[in-house]
Amino acid sequence: MTKMRKLNRTDAHRISMLRTMVSQLVKHERIETTVAKAKEVRRQADRMVTLGKEGTLCAARRAAAFVRGDDVIHKLFTELAYRYKDRAGGYTRMLRTRIRVGDAAPMAYIEFIDRENELREPKPPAPQPPQRVPLDPWARSRLCQQFASPKKEKSESDL
């Protein structure tokens, strides 16, 4: 695996915990956890949704090697893949909620976006800037001449 937070756990425990949390996130579409765990779960969950969007047999086997449960794999490759077919990335949102009483750990909700019962409404899409017409090299030189200082005419006395 790639570089990740250690979360004060051994390798096997950390990977097992992340697999379980990603599977529960896909199943319930919102979970509450600590901020550090939520940041790691977000990376893995976005990767699994990307595999679901690919829809190939290889992608299904790679997703099945990580998440737990046939119902979770089915949801990844049908419902979530259809929901995010036009989105390039950023399928999850992390919202900080409170400080846990026992150990003062910062807690956060992590949830999928564009779904019902979201904790925060999505921002409206930013308007696209108007398309600029590409200039040909000759028009550009004429533009430069337009804003350049005027050339002085050489008089016969200057020669």
Side-chain angles (χ1 to χ4, degrees), residues 1-137 139-140 143:
M1 295 199 100
T2 60
K3 188 166 179 69
M4 63 173 53
R5 292 171 179 81
K6 294 194 186 261
L7 302 174
N8 202 17
R9 286 164 171 76
T10 62
D11 286 340
H13 186 192
R14 180 173 54 248
I15 291 170
S16 177
M17 179 189 65
L18 287 176
R19 288 177 63 191
T20 302
M21 292 180 83
V22 169
S23 300
Q24 292 300 310
L25 176 64
V26 171
K27 186 175 184 179
H28 300 290
E29 297 195 8
R30 181 193 308 151
I31 57 174
E32 185 181 21
T33 183
T34 63
V35 172
K37 289 178 192 172
K39 288 177 180 178
E40 287 302 315
V41 168
R42 177 176 54 191
R43 291 175 59 195
Q44 299 298 327
D46 285 355
R47 187 171 296 149
M48 292 300 118
V49 173
T50 303
L51 287 175
K53 284 174 55 176
E54 282 181 27
T56 61
L57 179 62
C58 178
R61 287 179 175 161
R62 288 174 57 197
F66 190 79
V67 296
R68 296 185 168 142
D70 293 337
D71 55 340
V72 174
I73 295 170
H74 180 71
K75 186 172 184 178
L76 266 176
F77 281 81
T78 55
E79 183 179 336
L80 295 180
Y82 179 74
R83 186 188 306 170
Y84 300 121
K85 68 178 182 274
D86 296 330
R87 183 177 284 271
Y91 311 110
T92 55
R93 169 188 304 135
M94 188 184 75
L95 298 169
R96 295 171 187 258
T97 56
R98 61 188 174 95
I99 302 296
R100 191 161 55 193
V101 175
D103 58 355
M107 301 295 286
Y109 278 114
I110 181 166
E111 68 177 358
F112 283 111
I113 57 175
D114 297 338
R115 66 180 192 92
E116 296 175 1
N117 301 325
E118 287 185 281
L119 291 176
R120 187 185 66 141
E121 292 300 318
K123 297 175 185 174
Q128 294 293 327
Q131 293 292 330
R132 295 177 60 184
V133 178
L135 298 175
D136 63 338
R140 183 167 179 241
L143 256 178

Can you give me every donor-acceptor pair (side chain of residues 21-28, partner residue at least two apart or in another chain, under 3.5 Å) with its distance?
residue	atom	partner	partner atom	Å
Ser23	OG	Arg19	O	2.8
Ser23	OG	Arg68	N	2.8
Gln24	OE1	His28	NE2	3.0

Which pair of heavy atoms, one from [X] and one from [Y], lies closest together, and at what distance?
{"X": "Ile99", "Y": "Pro106", "result": "CD1-CA, 3.9 Å"}
{"X": "Val49", "Y": "Phe112", "result": "CG2-CE2, 3.7 Å"}
{"X": "Thr92", "Y": "Ala45", "result": "CG2-CB, 4.2 Å"}
{"X": "Arg9", "Y": "Leu7", "result": "NH1-O, 2.7 Å"}
{"X": "Gly52", "Y": "Ala81", "result": "O-CB, 3.3 Å"}
{"X": "Met48", "Y": "Ala63", "result": "SD-CA, 4.0 Å"}

May I ask you to decide whether [X] forms a salt bridge with [Y], counting only side-chain N to carboxylate O separations under 4.0 Å?
{"X": "Glu40", "Y": "Arg43", "value": "yes"}
{"X": "Glu32", "Y": "Lys37", "value": "no"}
{"X": "Asp11", "Y": "Lys6", "value": "no"}

Check your understanding: Residues in side-chain hydrogen bond (donor to acceptor under 3.5 Å, both in side chains) with Thr33, at least two apart?
Key -> none
Check your understanding: In chain order, what residues pass the side-chain hydrogen bond (donor to acceptor under 3.5 Å, both in side chains) check against Arg83, with sequence neighbours excluded?
Key -> Glu29, Glu79
**Study point:** Note, Arg93 side chain near Leu95 side chain (heavy atom, < 4.5 Å)
**Key:** yes
Exercise for review: State, with a plain yes or no, whether a side-chain heavy atom of Val35 is found less than 4.5 Å away from one of Arg96.
Suggested key: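 When only atoms from C-beta onward are counted, Arg96 and Val35 do touch, with a gap below 4.5 Å.
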Atom pair [atom1] ([X]) and [atom2] ([Y]), whose distance is rounded to the nearest 0.5 Å:
{"X": "Asp114", "Y": "Asp86", "atom1": "CG", "atom2": "CG", "answer": "10.5 Å"}
{"X": "Leu51", "Y": "Ile73", "atom1": "CG", "atom2": "CD1", "answer": "11.0 Å"}
{"X": "Met107", "Y": "Thr97", "atom1": "CE", "atom2": "OG1", "answer": "6.0 Å"}
{"X": "Met17", "Y": "Ile15", "atom1": "CE", "atom2": "CD1", "answer": "10.5 Å"}

Review point. For Thr10, what residues pass the side-chain contact (heavy atoms from CB on, under 4.5 Å) criterion, not counting sequence neighbours?
Key: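 In terms of side-chain contact (heavy atoms from CB on, under 4.5 Å), with neighbours along the sequence ignored, Thr10 is linked to His13.
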Practice item. Just do the side chain to side chain contact (heavy atoms under 4.5 Å, CB included) check on Val41 and Met94 with the steps written out, would you? Key: CA-CA 10 Å; Val41 168; Met94 188 184 75; over 6 Å; no
Exercise for review: Could you tell me whether the side chain of Ser16 and the main chain of Ala12 form a donor-acceptor pair under 3.5 Å?
Suggested key: no
Point to revise | Qualifying residues under ring-ring contact (aromatic ring centres under 6.0 Å, His included), relative to Tyr91, sequence neighbours excluded | key: Tyr84
**Study point:** Asp103, CG: over 12 other non-hydrogen atoms inside 6.0 angstrom
**Key:**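 Yes, because the 6.0 Å sphere around CG of Asp103 holds more than 12 heavy atoms from other groups.
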**Study point:** Residues that Arg61 engages under salt bridge (charged side-chain N to carboxylate O under 4.0 Å, His left out), provided they are two or more places apart
**Key:**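 Applying salt bridge (charged side-chain N to carboxylate O under 4.0 Å, His left out) to Arg61 gives none.
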